[in-house]
2 protein chains.
Amino acid sequence: MDATPGTTPVPDAVPDPAPDPVPDADAAVVAGEAVPSDRVALDRDRILAAALAHIDEQGLAGLTMRRLGHRVGVEAMSLYRYVPGKEELLDGVVELLIGDLRMDPDVLHSPTHGWQDFLQRLAHGVRRVALAHPKAFPLVASRPPEAPWLRPPLRSLEWVDAFLSGLLEEGFSDEAAVAAYRSFTSFLLGTLLLEVSAHGADVGPLDVVDDHLADDVEASRHATVWRLRHDLAHDAAATEFEVALESLLERLTLVRSELG
Amino acid sequence: MDATPGTTPVPDAVPDPAPDPVPDADAAVVAGEAVPSDRVALDRDRILAAALAHIDEQGLAGLTMRRLGHRVGVEAMSLYRYVPGKEELLDGVVELLIGDLRMDPDVLHSPTHGWQDFLQRLAHGVRRVALAHPKAFPLVASRPPEAPWLRPPLRSLEWVDAFLSGLLEEGFSDEAAVAAYRSFTSFLLGTLLLEVSAHGADVGPLDVVDDHLADDVEASRHATVWRLRHDLAHDAAATEFEVALESLLERLTLVRSELG
DNA sequence: GCGCCAGCCTTACGTTGTAAGTGCGACCGA
DNA sequence: TCGGTCGCACTTACAACGTAAGGCTGGCGC
């Protein structure tokens, strides 16, 4: 019994070479199965998924070509047959993240119940992705966009087009739709980046901060911060998101009629 | 252009050792001058300033301990006498950036002309810093904050305290002040991050995008994006910032009275 | 004169991304 | 059945990185 769960220094789960438990590989192939060995075939999607999983577990800095190779049961250089380099790999992870949006059944591709419902669903979908992968989400912001007007976190032509087309269908003028696009992306990026960042630094439940920081706060200086420390630590991100989104939509209603 | 550290022979401009042009060093010292050689004394502030300048010119990926050392005329390891490591160096650069805020004569430390004026000035001050250092500003967002409630881009106790105290003076309740703090930081972060990111990707004036992207756009798919491409490329960040900020302040007025 | 020590340099190690070449197994036309 | 080709992983190698450890030097106090 190797790999006892309590002791391993590296939690990676390499699939273990497993000296081919299949007695007759040809038979398996004939039977319609894929590769007989449990070492499943490598491909770009599997690599990207592994990279995302690795980031979720170890953080961005923990992702290394060698470590990623090890995780998928392969030497680092083998990855380069499927991915041109590390930069492109990270871009692929970002694509994967926004790809999750398409799979989300609660996110609509066009405003079938009004534009407010459309944007509400989209915003919540993006937030779900961000919260599901807090360590990876900053990538969505930090990767250079393919075009200056392809703004995170809506980083694909597909979604930008869906966004704009959707609003146009709903009576937005060209200018209003573009303005709404800019406001919406700024809002999502700022809010979600701060929310996942708080999650990352979320070590203890509250009150526990660095000593020197605590000293600074406690000492008469910064008295207000000290007094409000509990309010500041209190996490009401979900309802705040709701409120701020609602307020944004109200503002967009104005934009819609003013620039109509 | 950079990012691949493999080939460039480094175009840095080292100040040139300059074999001590001063004939009598003691005389210079007596005369009240600093170190006689033009190789000025190294210290933490000079290192941080050089690091910021380097990031401004070469980008974040271009900053290396060796290159930074070379820039200040010193071997890489000498930097470690003043800075514990690269992480702390980057934190120092962030401090330096927010330190610029304190120097800004248009930014007030307390609301002497009403809280709206106070926040307006603060917001514009932060935006000025972001635009002055577009390559470095993302650092403000990506460095892990010292405490979860110390939200970028207001990353120091000093400013958070000033913010909260200021609003309390102006009639905000505790809850309203904290809520305003959260909204304000989200707004600034999202807006400015996207603005500097657009500046970074700003290669040509407009229309020039990657070929494959252009193909995707041009081909019947994404027809709306294609049609609105000029509106999308049109940069009205300044006035949009103004409008969005105004709208935020209006909303905070409501928060102030509702949670009052 | 002597030792101390701040400040810088040198050397060295482990790790990173990746260019280049090697080797092996599966397929395929003869 | 046999080479030949080729896809795919492995091996080796290199430059650059962050940084640990220690060495030199020149100006200071005693």
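Just so it is clear, the model here is predicted, and its values are computed rather than measured. Just so we're on the same page: letters track the sequence lines, and every chain starts at 1.
- Checked for salt-bridge contact, A/Arg66 and A/Glu75 miss the test: no charged N lies under 4.0 Å from a carboxylate O.
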Run A/Leu192 and A/Phe241 through side-chain contact (heavy atoms from CB on, under 4.5 Å) and show every step you take. CA-CA 9 Å; A/Leu192 296 182; A/Phe241 182 81; 4.0 Å; yes
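- Using a 4.0 Å cutoff on non-hydrogen atoms, the parts of residues 78-88 of chain B near DNA chain C are B/Ser78, B/Arg81, B/Tyr82, ordered by number.
- Here D/dG18 presents its C1' atom at 15 Å from CD1 of B/Ile47, a figure rounded to the nearest Å.
- Residue A/Arg67 has a polar side-chain atom (N or O) positioned under 4.0 Å from OP1 or OP2 of C/dT16.
- As a whole-Å value, the separation of B/Glu75 CD from C/dC9 C1' is 6 Å.
- One atom, CZ of B/Arg46, and another, P of C/dG7, lie 13 Å apart when rounded to the nearest Å.
- Ranking D/dC10, D/dT19, C/dT16 by closeness to the A/Arg66 side chain, first place goes to C/dT16.
- If you take NE2 of A/His70 and C1' of C/dG17, they are 19 Å apart, rounded to a whole angstrom.
- The CE atom of B/Met77 sits 15 Å away from the P atom of D/dG23 (whole-angstrom rounding).
- Remark: A/Glu95 engages A/Arg44 in a salt bridge, criterion side-chain N to carboxylate O under 4.0 Å.
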- request: Would you please test A/Trp159 and A/His109 for ring pair (Phe, Tyr, Trp, His ring centres under 6.0 Å) and show each step?
  value: CA-CA 8 Å; A/Trp159 280 112; A/His109 206 78; 5.3 Å; yes
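- Between B/Glu158 and B/Arg102, the closest side-chain pair of non-hydrogen atoms falls below 4.5 Å.
- No side-chain donor-acceptor contact under 3.5 Å links A/Glu57 to the backbone of A/His54.
- When rounded to the nearest whole Å, the span between CE of A/Met65 and P of C/dA19 equals 10 Å.
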